[in-house]
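Below is one structure. I have some questions about it.
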Amino acid sequence: MVQLKSFLLLLNVAIARSALVWDDTYFYGQSPPVYPTPNMSGAGSWGHALSKAQHLVSQMSLEEKVSLTGGSKDSRNGCGGNIPAIDRLGFPGMCLQDGPNGIKGVELVNGYPSGIHVGASWNKSLAYKQAKAIGGEFRRKGATIALGPPVVGPLGRIALGGRIWEGYTNDPYLSGILAAEAVRGVQDNGVISCAKHFVGNEQELHRNPRPGGPGNRTVEASSSNMDDKTMHELYMWPFADVVHAGVASVMCAYQRLNNSYSCHNSKALNGLLKTELDFQGFVMSDWGAQHTGIASALAGLDMVMPSGNKYWGAKLIEAVRNGSVPESQITNMATRIMAAWYLSNQDDPSLPPVGAGIPADFERQHPVIDARDPHDESLLLEGAIQGHVLLKNVDNALPLTNPRILSIYGYDAKAPDSNFAQAGLNDWTLGLESHDSRTVVCGFASIGGDCPDFPPIAINGTIISGGGSAAVTPVYISSPFQALEARARQDKTQLFWDFKGTEAVNSEADACLVFINAASSEGVDRPALRDDYSDGLVLGIASRCNNTIVVIHNAGVRLIDQWIEHPNVTAVIFAHLPGQDSGEAITQILYGDVSPSGKLPYSLPRNESDYGSLLTPVTFTDWDQLFPQDDFAEGVFIDYRAFDMKGIAPRFEFGYGMTYTTFKYSNLTIRWTVDPSDLSEYPEGPVIPGGNADLWENIAAVTAGITNTGQMEAAEIAQLYVQIPGEGQPLLELRGFDKVAVPPGETRTVDFNIRRRDLSTWDVAAQKWKLSVGAQYPVFVGSSSRKLLLNGTLYL
């Protein structure tokens, strides 16, 4: 009876919510059913792959088709997931392996900059080249599917979200553009790219069901409840970009979406992804994210990881034979999986054996494979450099000029205690539902000393990545101290160092460099956006050194208002997560071998209170302790959109970042590249991967001139913002960016192409993207979201 009352209460609340908001949403509180799963059409670049897949699948028995849909253990390799071989048909199986910034858990691979670092670079070319290099390493190791690199969910709604660093940014436009480049990069190198996590996976707390609720009942995963406009204009936006780019697999999320688990939410998978976006590939579950059998098969899930035996396997075969699931659905699933395999040219006989370079518990079936390509060495360093963001530089404190004496402080300056610790919060943290990150850090990082006194958001030793499934163990880690020490030997500079930061400051030092960090990992959300230990360290050094330069390796927003205005803090760099060349990158920046060129891919507020409800993950509602509800009531207003709407001035705005030179903006031109009178209110083109074809057409172009008015060559990131007319729209929305290197005294032109979708809003009633025909679209170009130097108008 208690369970019945609880269910009825949940249902009544869902219905009440739905009734309140149904007029301006399509689904909220509960997801409507969408059946059946559409078959592939072969649209875009999929035609040849579909034909080959259909031919192969037509030769498979029911049992063989089902075997493609569920993971199984393969003793020959240590892949994170395996699809078994079908030897009689020459199908060798599949190896699935993490992660977004390099291959996890293997030797002789590179550790690349993390997603947030690439996001801070604002560099499309870098996103492509890095992803292609990562794809090459996966291919050489015998991995079929790279679980990444485009992480576009979480988008970054919750400031304390534990996995924000895996993604690029909390702006959907910037995220989508970079992610599309990453998809092309991986798949151009013959590996299936997996975009994740679809959709609403914005926190780690309550991401999985767990026992121990009231009455010892199961507490379900948190439900991300969002309206239709928010879904389309924010969280689904970058997924449309990756589908348009041809991504071959999409991973569904742990959370529930509008009270239906994401991996058996038919509206999300059958409706939004496979129908509206015409996604041609297959949907795989996150590890352990399947919670039902028949329902998930009918809702659009195609592959279960890491094992298909709990709900599918023999049970799915039985469901087909008793009529619960039509065999045509299994054929659909198998065809999508095999089409992705053919699309990435996995039938190439020259490929290494599946999983050959990923040993099972270090028991090797094949010779060691060095997956690195020497040609990627410069790319690793360039990528590491470009994600650094210079936030403060008083009186040209940087770059350093022939320093005689340097003092180096802070736990982040030195190399980590071991590369296994550096790899991140190891797998035992995955699935933890706790805010006690202090326990997690002490457990994994070999901090030593009095661990409870160490900051709960920091790691003892420099960090190059976050933790969890995206952690890597590269061949080497260049720490800041190692690289600075080498530079000091070269320049005959005297170094003093104190990694604890408690000794007296050398009064003769030309500069005091303080290195701290702010760590994060899958499985746990961050406990805070600052820590007293590290802030005290900075203040302590600054009180005794009049040229204190602070470098923070940060896995997301890190508040700095406690000391940013201290007169002796002369320069501050957000170094993010640069990968294995971290130390060399920061050394080249500090010494002015190269100018920093990154910009913030998020806003940096002054206080936690600036976020309001978007600071902390949701816990429980007061009406039920078994079904956590997370209402995305803020709609599309997160980060700079929210600060603009509320009139909150951030410490540093979205898109902000300094260089060692200055720039002047000029010569704005705005023009239609089509006849605007020919543009209809709604798109009329056929549906292709990503949506209606005409949504992706360039309809306007904007250019501007960027002149370097300083003394040093540097790259500038020019940004285009549009004010889209319509009720409930943000004040400004990013709709273009271009990064150009400009020599001193010279001018370069930046170019922005505006697509139809970039000027459209989602019409809930019509269920279509809508242009405001007859309206004005103010256009702004500048160096950040609040430094808008040029403006004009598009008249439609």
Original post:
Got a donor-acceptor contact below 3.5 angstrom from the K315 side chain to the G293 backbone?
Top reply: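 No.
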Original post:
Tell me the disulfide (SG to SG under 2.5 Å) pairs involving residues 252-340, sequence neighbours left out?
Top reply: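 Applying disulfide (SG to SG under 2.5 Å) to every pair that reaches into residues 252-340, excluding sequence neighbours, yields C252-C263.
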Original post:
Heavy atoms, side chains only, cut-off 4.5 Å: are M338 and L68 in contact?
Top reply: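 Yes, at least one pair of side-chain atoms sits under 4.5 Å.
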**OP:** Walk me through it: do C194 and M284 pass the test side chain to side chain contact (heavy atoms under 4.5 Å, CB included)?
**Re:** CA-CA 9 Å; C194 178; M284 76 167 74; 4.0 Å; yes
Subject >> Positive for ring-ring contact (aromatic ring centres under 6.0 Å, His included) with Y235, one of F632, W762, F198 >> reply: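 So, applying the ring-ring contact (aromatic ring centres under 6.0 Å, His included) to Y235 and each of F632, W762, F198, only F632 qualifies.
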**OP:** Determine whether the side chains of K65 and T331 contain a donor N or O and an acceptor N or O closer than 3.5 Å.
**Re:**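 A pair is found: one side chain offers a donor N or O, the other an acceptor, under 3.5 Å apart.
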Subject >> Close side-chain approach of Q30 and N258, heavy atoms under 4.5 Å >> reply: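 No; the side chains remain at least 4.5 Å from each other.
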Subject >> Set of side chain to side chain contact (heavy atoms under 4.5 Å, CB included) partners for A221, sequence neighbours left out >> reply: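 A221 satisfies side chain to side chain contact (heavy atoms under 4.5 Å, CB included) with P209, Y261 only.
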**OP:** Show your working on salt bridge (charged side-chain N to carboxylate O under 4.0 Å, His left out) between E522 and R163 and close with a plain yes or no.
**Re:** CA-CA 5 Å; E522 177 182 1; R163 300 187 76 176; 3.3 Å; yes
Subject >> Steps toward side chain to side chain contact (heavy atoms under 4.5 Å, CB included) verdict (Q203, Q255) >> reply: CA-CA 9 Å; Q203 66 178 54; Q255 272 83 0; 3.9 Å; yes
Subject >> Residue pairs, two or more places apart or on separate chains, that pass disulfide (SG to SG under 2.5 Å) and touch residues 35-99 >> reply: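 Qualifying pairs: C79-C95.
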Subject >> Polar side-chain atom of N270 near backbone of V34 as donor-acceptor pair, under 3.5 Å >> reply: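 Indeed, once roles are kept as given, a pair shorter than 3.5 Å links the two residues.
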**OP:** Would you please classify the geometry between the H244 ring and the W696 ring as parallel, tilted or perpendicular, with 30° and 60° separating the classes?
**Re:**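 Because their plane-to-plane angle is under 30°, the rings of W696 and H244 count as parallel.
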Subject >> 4.5 Å side-chain heavy-atom contact, R157 and D630 >> reply: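 Yes, their side chains come closer than 4.5 Å.
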Subject >> Pi-cation contact, Y682 with K768 (under 6.0 Å, within 45°) >> reply: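 Yes, K768 sits over the ring of Y682.
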Subject >> Flag side-chain contact, heavy atom, 4.5 Å: L277 against M236 >> reply: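 SC-SC contact between L277 and M236 confirmed.
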**OP:** Show your working on side chain to side chain contact (heavy atoms under 4.5 Å, CB included) between N82 and L96 and close with a plain yes or no.
**Re:** CA-CA 6 Å; N82 281 280; L96 296 79; 5.9 Å; no
Original post:
Checking side chain to side chain contact (heavy atoms under 4.5 Å, CB included) against M251, which of N201, V151, D286 comes through?
Top reply: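 One option only clears the test, and that one is D286.
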Subject >> Ring-face cation of R757 near W237 (centre distance under 6.0 Å, axis angle within 45°) >> reply: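 Yes, R757 lies over the aromatic ring of W237.
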